[in-house]
Number of protein chains: 2
Amino acid sequence: MPALHDHTHCIADALTRADALCAERGARLTALRRRVLELVWSSHRPRGAYAILEDLSQQDGKATAPLTVYRALEFLVEQGLVHRIESLNAYVGCAAPEDVHSGQFLVCEACGDAAEIDDPGVGAAIDAAAAGRGFRVQRPTVEVRGLCKSCQENPR
Amino acid sequence: MPALHDHTHCIADALTRADALCAERGARLTALRRRVLELVWSSHRPRGAYAILEDLSQQDGKATAPLTVYRALEFLVEQGLVHRIESLNAYVGCAAPEDVHSGQFLVCEACGDAAEIDDPGVGAAIDAAAAGRGFRVQRPTVEVRGLCKSCQENPR
DNA sequence: GGGCATGGTGTTACTTTATAACACTCCCGC
DNA sequence: GCGGGAGTGTTATAAAGTAACACCATGCCC
């Protein structure tokens with residue numbers, strides 16, 4: 001998301017939807033998990049577990065161990081509220097947690113934003129390619145590095 | 001590659017092609033780099049940098065530092081002789097180093113094999129999805145987790 | 001052939017990312 | 001209110017990757 005949007009709205013919206021989803025599923029979105037989700041959403045850039053850890057320590061003043069963060073992230077990923085970007089060892093909020101989907105990402109090398117897409121064509125092509133080889137798909141990962149529109153238009 | 005193939009042939013073939021390619025390009029496939037390539041090829045399973053490091057130390061008797069291996073791997077990846085599997089932090093030999101391509105992989109959760117495919121449909125779908133959003137693709141990553149044909153047929 | 005620039009390798013130390021093992025606590029249902 | 005399971009805290013450790021700098025070897029120029 002190339003700047004210039006009301007990001008507090010993104011965060012609030014993400015939290016509201018997470019609350020609703022977890023309530024509906026009987027999953028426990030505890031204070032800690034909710035806070036970690038909020039910190040993941042603090043931008044549209046994927047954030048590392050240790051960056052979140054630092055935020056927790058500094059902003060909230062509590063000294064936290066890595067495991068605490070990893071456990072919260074694990075829960076959030078399981079619930080589909082957060083995706084892990086494998087090629088960055090980092091986490092980013094999911095834009096459409098209600099839908100079951102495996103994330104596809106366009107990661108900008110310049111600004112670091114990771115735009116989530118859920119392109120049916122890409123999914124279908126992967127399914128077809130796998131089926132043709134007798135491979136049963138469980139979890140596809142698509143992470144495309146490149147330059148986002150706004151960084152192409154405003155190079156630095 | 002579900003067992004039952006002459007893997008020494010795979011290795012020999014990979015090395016021969018690497019020699020030819022590097023000679024053609026004026027790239028220096030030194031003894032160390034060649035040896036690391038051989039170790040990457042020791043199976044069709046992605047191997048971690050530290051596994052290769054251990055092989056170097058134990059099989060060859062030389063104590064080597066991680067950096068040595070990483071540097072060799074970096075070279076091999078640049079030359080397209082080896083691909084990095086992001087979701088595993090591991091490396092696997094490229095089946096078709098002559099062609100320029102970004103790897104697409106079917107990674108079996110059961111046996112660990114990573115089958116490289118270069119499916120034009122998948123590539124085209126990604127290009128189309130990116131183009132529709134004004135995103136310029138530099139390096140697509142596709143890593144599909146699931147079950148390979150042979151592991152579906154012979155569950156354990 | 002001597003000098004020298006470049007690229008490759010060795011060595012030490014260190015950072016970042018992730019997990020193991022185990023204790024404690026809180027909350028829910030009964 | 002209490003027993004059990006899920007969640008969290010704590011300490012330690014493993015795995016993956018990088019920085020800085022020295023040394024060596026190869027090839028090229030003169």
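Throughout, protein chains are lettered first and strands after them, A, B, ... in sequence-line order, and every chain is numbered starting at 1. FYI, side chains are in, hydrogens and waters are out, and symmetry mates aren't considered; it's all heavy atoms of this structure.
- Salt bridge annotation for B/R35-B/E38: present, with a cationic side-chain nitrogen under 4.0 angstrom from a carboxylate oxygen.
- Here the side chains of A/V142 and A/I126 are in contact, with some heavy-atom distance below 4.5 Å.
- Taking only side-chain nitrogens and oxygens, A/R84 never comes nearer than 4.0 Å to OP1 or OP2 of C/dT17.
- Side chains of A/L147 and A/C108 form a contact here, defined as non-hydrogen atoms less than 4.5 Å apart.
- Stacking of A/Y50 onto the six-membered ring of C/dT17 is present: less than 5.5 angstrom between centres, less than 30° between planes.
- Looking at heavy-atom distances under 4.0 Å, A/R47 makes no contact with the nucleic acid at all.
- Counting to the nearest Å, the P atom of C/dT25 and the CG atom of A/L32 are 17 Å from each other.
- Counting any heavy atom pair closer than 4.0 Å across all strands shown, A/R33 reaches sugar-phosphate atoms only and no base atom.
- Looking only at side-chain heavy atoms (C-beta outward), A/F105 and A/V92 come within less than 4.5 Å of each other.
- Each end of the helix from C/dG1-D/dC30 to C/dC30-D/dG1 yields a helix axis from five base pairs, and these two axes differ in direction by 30° (to the nearest 10 degrees).
- Read 5' to 3', the first and last nucleotides of DNA chain D with an atom closer than 4.0 Å to a heavy atom of chain B are D/dA16 to D/dA20.
- A heavy-atom distance below 4.5 Å is found between the side chains of A/Q59 and A/L39.
- For B/Y70 and C/dT9, the OH to C1' distance is 17 Å, given to the nearest whole Å.
- Place B/A90 and A/A63 on DNA chain D by their nearest nucleotides, and A/A63 ends up nearer the 5' end.
- Put simply, the residue from B/H101, B/Q104, B/H44 that forms a side-chain hydrogen bond (donor to acceptor under 3.5 Å, both in side chains) with B/E116 is B/H101.
- To the nearest angstrom, P of C/dC22 lies 14 Å from CZ of A/R71.
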Write down the protein N/O and nucleotide N/O pairs, taken from nucleotides 12-15 of chain C, whose separation is under 3.5 Å; answer none if there are no such pairs.
none

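- Look at CG on A/L88: it is 13 Å from C1' on C/dT17, rounded to the nearest Å.
- The OH atom of A/Y91 sits 10 Å away from the P atom of C/dT17 (whole-angstrom rounding).
- Side-chain atoms of B/K62 and B/L56, non-hydrogen and from C-beta on, never get closer than 4.5 Å to each other.
- Residues A/Y50 and A/V69 are not in side-chain contact: their nearest non-hydrogen atoms beyond the backbone lie 4.5 Å or more apart.
- Salt-bridge annotation for A/R145 and A/E143: absent, with no side-chain N of the basic residue lying under 4.0 Å from a carboxylate O of the acidic one.
- What separates CG of B/L76 from C1' of C/dG8 is a distance of 13 Å, to the nearest Å.
- At whole-Å resolution of the value, CD in B/E78 and P in C/dG7 are 12 Å apart.
- Nearest approach of A/R17 to A/P97, heavy atoms of both residues: NH2-CD, 4.1 Å.
- A pairwise comparison of heavy atoms in B/A125 and A/A125 identifies CB-CB, 4.0 Å as the closest pair.
- If you measure from atom CD1 of A/I85 to atom P of C/dT17, you get 15 Å, rounded to the nearest angstrom.
- At least one side-chain heavy atom of B/L29 sits under 4.5 Å from a side-chain heavy atom of B/F75.
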